[in-house]
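The block underneath contains the structure these notes are about, expressed in C-alpha cells.
We use all heavy atoms of the structure for the numbers below, so side chains are in, but hydrogens, waters and symmetry mates are not.
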Amino acid sequence: MKHREKYSLFYGLVNIIVLLVTAVWFSCGGICFGTIRQTAVLLLTAIFVHGIKALRLYLAMFGKNIPLRRYMEQYCKTAVVSMILPFKLGDIFRAYCYGYYLCNYLGGAALIVLDRFTDTLALVTVMLVLRSAHVSGAVPLLYVLLAVLLGLLVCYMLFPSMHHYWKKYLLRINASRRRNRMLLFMEYAEYAYKQLEAAVRGRGFIAYILSLAAWAAETTGLAASGSMLSVRETGPALSEYLTVVLAGMGPAGQNPFVSVSVVFMAVCSLLLHVIRIGRKRMGWRK
C-alpha cells in the first residue's frame with residue numbers, strides 16, 4: 001500500500017511539472033484564434049477530430065478495464081501536452097500516464113506506439129494524395145518518414161524470427177552476467193512485442209481508417225475556415241501546416257486550429273476533473 005502511495009505521489013508530481021512546462025511553452029509561443037467565424041469552424045473541426053482520435057485509442061485499449069470517464073480524463077490531459085510540446089515529447093508523457101493506469105508501462109508504451117504509427121501513416125497517406133492531386137508541393141520530410149514507417153513495419157514482421165534465433169543462441173553459450181542481461185532484455189522486448197501485437201490484431205486497420213478520417217476532417221476544416229489563407233493559396237498553406245505536424249516542431253499557439261484545440265481540450269479536462277471531485281465529495285462511486 002505504501003509502495004502504491006509513493007508511486008501515486010510521484011505520478012502526481014510528474015503531472016504537475018509537465019503541465020506547468022506545457023503551459024509556459026504554449027504561452028511563450030503566442031496564441032492565435034482568428035475571427036469569430038473561423039474560430040467556430042475550427043472548434044467544430046476540433047470536436048470531430050478529437051472525438052475520432054479518442055475513439056481510436058479507446059478501441060486499442062479495449063479490454064483493459066479502464067472506465068470511459070477516467071479514460072477521457074487522461075485523453076484530454078495528454079492530448080493538450082502532445083499538441084504543445086515539440087519533437088513529439090508529449091508521447092512520452094502519454095505512454096507514462098496510460099502505463100500508470102494500466103499498471104503496465106510497456107503496455108502503455110505499446111499502445112502509444114501503435115497510435116502514433118497509424119496516425120503518422122494516415123498523415124503520410126493524406127499528404128501523398130494531396131501531392132498526387134497537385135494540391136501541395138513536394139515535401140522531402142514526407143519521403144523520409146515514409147521510409148521510416150516502412151522500416152518499422154519490416155522490423156515488426158521480422159522480430160519473432162530474429163528473437164527466436166538470438167534467444168536460442170544465447171541459451172547455448174556459457175552462462176555469464178552479460179548473457180543474463182541480454183536474455184532479460186530480450187524477455188522485456190518479447191513482452192512489449194506481444195502487447196503491441198495484441199493491440200494490432202483486429203484493431204490496427206480500424207485505427208488506420210479512423211486516422212484517415214481524422215486527418216481528412218482536419219485538413220477540410222482548416223481549408224474551410226480560411227484561417228491560413230491570408231495571402232497564400234490553400235495548397236501551400238496546407239503543405240506548410242502538415243509539414244510542421246510531421247516534424248513535430250513550430251510554435252503550437254501560432255496555429256489557430258491548435259490554439260482552439262488546446263483550449264477546448266483543456267476546458268474538457270478541467271470539467272471532467274471537477275465532476276470527479278464532486279462525485280467523490282458526494283460519496284458516489286468512481
Side-chain angles (χ1 to χ4, degrees), residues 19 22-58 72-86 88-91 94 115-116 118-120 122-127 129-130 133 135-137 139 209-272:
L19 292 175
T22 302
V24 171
W25 187 274
F26 183 65
S27 60
C28 290
I31 304 174
C32 176
F33 289 104
T35 65
I36 296 178
R37 186 176 180 180
Q38 291 168 344
T39 303
V41 173
L42 291 175
L43 178 59
L44 291 175
T45 304
I47 293 172
F48 185 75
V49 168
H50 285 287
I52 294 177
K53 291 184 176 182
L55 175 62
R56 180 185 67 198
L57 186 57
Y58 189 69
M72 289 305 302
E73 285 183 16
Q74 294 303 309
Y75 177 82
C76 292
K77 175 183 66 179
T78 56
V80 170
V81 176
S82 183
M83 285 187 287
I84 295 175
L85 294 185
K88 308 299 182 183
L89 293 175
D91 287 339
R94 292 173 68 202
D115 186 70
R116 180 54 64 190
T118 54
D119 188 63
T120 305
L123 176 55
V124 168
T125 304
V126 169
M127 293 193 71
V129 171
L130 294 176
V135 176
S136 64
V139 181
I209 296 300
L210 290 174
S211 299
L212 280 177
W215 280 115
E218 186 168 337
T219 52
T220 302
L222 288 170
S225 70
S227 59
M228 301 185 301
L229 307 182
S230 54
V231 294
R232 296 177 296 171
E233 297 180 356
T234 306
L238 284 175
S239 181
E240 180 181 329
Y241 170 73
L242 294 177
T243 301
V244 171
V245 173
L246 277 172
M249 298 182 294
Q254 292 183 7
N255 181 272
F257 177 73
V258 177
S259 295
V260 171
S261 297
V262 166
V263 172
F264 170 69
M265 299 304 290
V267 170
C268 289
S269 179
L270 181 61
L271 287 175
L272 288 170

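Between L19 and K77, some side-chain heavy-atom pair lies under the 4.5 Å cut-off. In this structure, R56 and T118 have side chains that are in contact, with non-hydrogen atoms separated by less than 4.5 Å. Side-chain atoms of S261 and H50, non-hydrogen and from C-beta on, do get closer than 4.5 Å to each other. Contact of the C268 side chain with the Y75 side chain is not registered, since no non-hydrogen atoms from C-beta on lie closer than 4.5 Å.
Of the inter-residue distances, the one linking L43 atom CG with Q38 atom CD reads 13.5 Å to the nearest 0.5 angstrom. Atom CH2 of W215 sits about 14.5 Å away from atom CG of L210, to the nearest 0.5 Å. Between atom CZ of residue F264 and atom CG of residue L44 there is a gap of 10.0 Å, rounded to the nearest 0.5 Å. Note that the CG atom of L42 and the CZ atom of R37 stand 12.5 Å from one another [nearest 0.5 Å]. Interatomic distance, L85 CG to R94 CZ, rounded to the nearest 0.5 Å: 12.0 Å. Taking CD1 of I84 as the reference point, atom CG of L89 lies at 12.5 Å (rounded to 0.5 Å).
With hydrogens and angles disregarded, a donor-acceptor distance shorter than 3.5 Å links the side chain of T220 to the backbone of A216.
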Quiz item: Can you check side-chain contact (heavy atoms from CB on, under 4.5 Å) on V80 and S269, steps first, answer last?
Solution: CA-CA 9 Å; V80 170; S269 179; 5.8 Å; no
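Using a cut-off of 4.0 Å between Lys/Arg side-chain N and Asp/Glu carboxylate O, K53 and D115 are scored as not salt-bridged.
Shortest non-hydrogen contact noted between V81 and G90 is CG1-CA, 4.0 Å. Among all heavy-atom pairs drawn from P86 and W25, the shortest one is CG-CZ2, 3.5 Å.
R116 pairs by the salt bridge (charged side-chain N to carboxylate O under 4.0 Å, His left out) definition with D91, D119, not counting sequence neighbours. With sequence neighbours left out, Y58 forms a ring pair (Phe, Tyr, Trp, His ring centres under 6.0 Å) with Y71.
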